[in-house]
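Working notes, beginning with the structure itself.
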Amino acid sequence: FERGLRSFLAAAAVVKKFTRARIGQISTRPPNFYTVIINEQELLARWGIEMVPLDLARLERNLLEMLSRDARVSAEAEALRTRLSRQGVADEALRKIAALKLFLADWAAQEELQAIAFKCHEDLPEMLGIYPCFVNGELASLGVPVTCETDIHGALSAIMLQAAAGGATPPFFADLTVRHPTHDNAELLWHCGNFPHVLAKDPGKSFLGTHFIIPPHRPGTGNFEIKGGEITIARFDGLRGEYSLLMGHGRGTQGIIAIQASERN
């Protein structure tokens with residue numbers, strides 16, 4: 001009975017969050033990301049899902065104004081400095097990261113957004129000198145999931161996962177990358193440093209760093225391994241008017257680096 005009741009409440013929460021959701025859309029999708037194309041009109045007509053657009057010029061303008069006038073920026077930067085170490089992140093970059101977190105949180109509250117889909121590269125880093133990856137994870141910890149590459153369907157997936165979990169744990173937005181070299185039934189779930197820091201397996205070893213893939217390696221990424229345990233994998237998507245929800249269940253496992261370290265010890 002208890003299991004059935006919990007499942008019913010979770011399903012009801014998912015439907016409530018999904019229908020009439022408001023998604024903040026920051027800029028457009030990157031040119032080559034055809035997999036994140038959506039039909040905005042159809043989402044609105046079928047489920048009342050609204051996009052709330054924001055262009056990068058307005059974001060930059062508001063962010064620079066916050067840096068010069070908003071006393072909360074220094075306080076947030078100090079809180080981040082106290083919480084985790086830095087590698088390659090100067091004080092001015094840290095203030096920009098703090099300001100971006102505050103701006104997105106304010107915007108989400110003002111517009112009553114359930115999630116945000118963000119074009120993370122390459123325009124914003126060129127404009128501000130930082131990546132928003134770590135900030136994306138911070139917003140997810142505050143109850144507003146943020147997805148990369150302006151992935152609206154990904155944002156809707158995150159909303160449903162968060163609702164199903166009753167807000168007990170934030171979702172993390174990941175790519176399926178490579179199969180485990182020694183374990184055929186294991187896959188690396190990875191992205192560029194946007195996972196919520198509250199999911200860190202060992203917060204003491206985590207740090208705020210630079211994007212190690214895309215030069216010139218600007219600051220703004222979270223670097224840490226997340227906790228293991230039970231994992232739900234989900235993806236809402238649609239094509240030619242037909243929509244589906246992929247759902248899967250998995251468990252965390254050791255990566256090859258962790259295994260090698262264990263063998264050395």
Nearest atoms (heavy-atom pairs only) where T210 meets G88: CG2-O, 3.5 Å

Side-chain heavy atoms of I23 within contact of L43, under 4.5 Å: no

CE (M127) with more than 12 external heavy atoms under 6.0 Å: yes

Check: R86 and D91 side chains under 4.5 Å, non-hydrogen atoms: yes

Residues forming a salt bridge (charged side-chain N to carboxylate O under 4.0 Å, His left out) with R95, sequence neighbours excluded: none

From CZ (F103) to CD (E65), nearest 0.5 Å: 10.0 Å

Cluster overlap V144 with I49, hydrophobic side-chain contacts below 4.5 Å: no

Single-linkage hydrophobic cluster F207~I226, side-chain heavy atoms < 4.5 angstrom: no

Smallest separation among heavy atoms of A174 and F195, with atom names: CB-CZ, 3.8 Å

F224 and P203, any side-chain heavy atoms less than 4.5 Å apart: no

E242 atom CD: more than 12 heavy-atom contacts under 6.0 Å: no

Shortest non-hydrogen contact from L67 toward K96: CD1-CG, 3.9 Å

L104/I26 under side-chain contact (heavy atoms from CB on, under 4.5 Å): CA gap, chis, key distance, verdict: CA-CA 10 Å; L104 293 180; I26 302 178; 3.7 Å; yes

R46, CZ atom: more than 12 neighbouring heavy atoms under 6.0 Å: yes

Under 3.5 Å: donor-acceptor pair, side chain of R29, backbone of P31: yes

For L44, the rest of its hydrophobic cluster, which grows through side-chain links under 4.5 angstrom: none

Sequence neighbours excluded, every pair satisfying salt bridge (Lys or Arg N to Asp or Glu O under 4.0 Å) that has a member inside residues 17-28: R22-E50, R22-E111

Connected via hydrophobic side-chain network under 4.5 Å: V36 and I116: no

Audit row: T169, V198, side-chain contact (heavy atoms from CB on, under 4.5 Å) steps and yes/no: CA-CA 9 Å; T169 182; V198 294; over 6 Å; no

Members sharing I37's hydrophobic cluster (side chains within less than 4.5 Å): Y34

Residues in ring pair (Phe, Tyr, Trp, His ring centres under 6.0 Å) contact with H121, at least two apart in sequence or another chain: none

Salt bridge (Lys or Arg N to Asp or Glu O under 4.0 Å) contacts touching residues 167-180 (sequence neighbours left out): none

Separation of M160 CE from L245 CG (nearest 0.5 Å): 5.0 Å

Any side-chain heavy-atom pair of D151 and T35 under 4.5 Å: no

Donor + acceptor pair across side chains of H197, E138 (<3.5 Å): no

Test item: E60 side-chain N/O and L128 main-chain N/O as donor-acceptor pair under 3.5 Å: no

Hydrophobic cluster identity match, L54 and L102, side-chain contacts under 4.5 Å: yes

Distance, nearest 0.5 Å, that separates CG of L208 from CG of L80: 7.5 Å

Steps toward side-chain contact (heavy atoms from CB on, under 4.5 Å) verdict (Y243, N39): CA-CA 11 Å; Y243 290 86; N39 187 326; 4.2 Å; yes

Presence of salt bridge, R72 and E76, under 4.0 angstrom: no

CD1 on I233 to CE on M247, rounded to 0.5 Å: 12.5 Å

Heavy-atom check, side chain of V89 versus side chain of I97, under 4.5 Å: yes

Rounded distance (nearest 0.5 Å) linking atom CD1 of I130 with atom CD of E92: 10.0 Å

Residues forming a ring pair (Phe, Tyr, Trp, His ring centres under 6.0 Å) with F118, sequence neighbours excluded: none

Min side-chain heavy-atom separation N136-C148 under 4.5 Å: yes

Pairs touching residues 140-162 that satisfy ring-ring contact (aromatic ring centres under 6.0 Å, His included), sequence neighbours left out: H153-F236

Beyond-backbone contact of T177 with L189, side-chain heavy atoms, under 4.5 angstrom: no

Nearest atoms (heavy-atom pairs only) where F172 meets P196: CB-CD, 3.9 Å

Between CG on residue D237 and CD1 on residue I152, distance to nearest 0.5 Å: 12.0 Å

Ion pair check, E149 and K119, cut-off under 4.0 Å: no

Within 6.0 Å of CG in N185, more than 12 heavy atoms from elsewhere: no

Over 12 non-hydrogen atoms of neighbours within 6.0 angstrom of CD in Q41: no

Minimum heavy-atom distance between T221 and C192, given as atom pair plus value: CG2-O, 3.2 Å

Joint hydrophobic cluster, V52 plus L124, side-chain heavy atoms closer than 4.5 Å: yes

Residues that E122 engages under side chain to side chain donor-acceptor pair (under 3.5 Å), provided they are two or more places apart: Y131, R218

Lys/Arg-Asp/Glu bridge criterion (N-O < 4.0 Å) met for R6, E2: yes

Contacts of type side-chain contact (heavy atoms from CB on, under 4.5 Å), residue L9, not counting sequence neighbours: L5

For T150, side chain to side chain donor-acceptor pair (under 3.5 Å) partners two or more places apart: none

Partner residues of F134 under the ring pair (Phe, Tyr, Trp, His ring centres under 6.0 Å) criterion, sequence neighbours left out: none

Close side-chain approach of V146 and V135, heavy atoms under 4.5 Å: no

Polar contact flag, side-chain donor to acceptor under 3.5 angstrom, T253-H180: no

Over all atoms of both residues, closest heavy-atom pair of T147 and A155: CG2-N, 3.4 Å

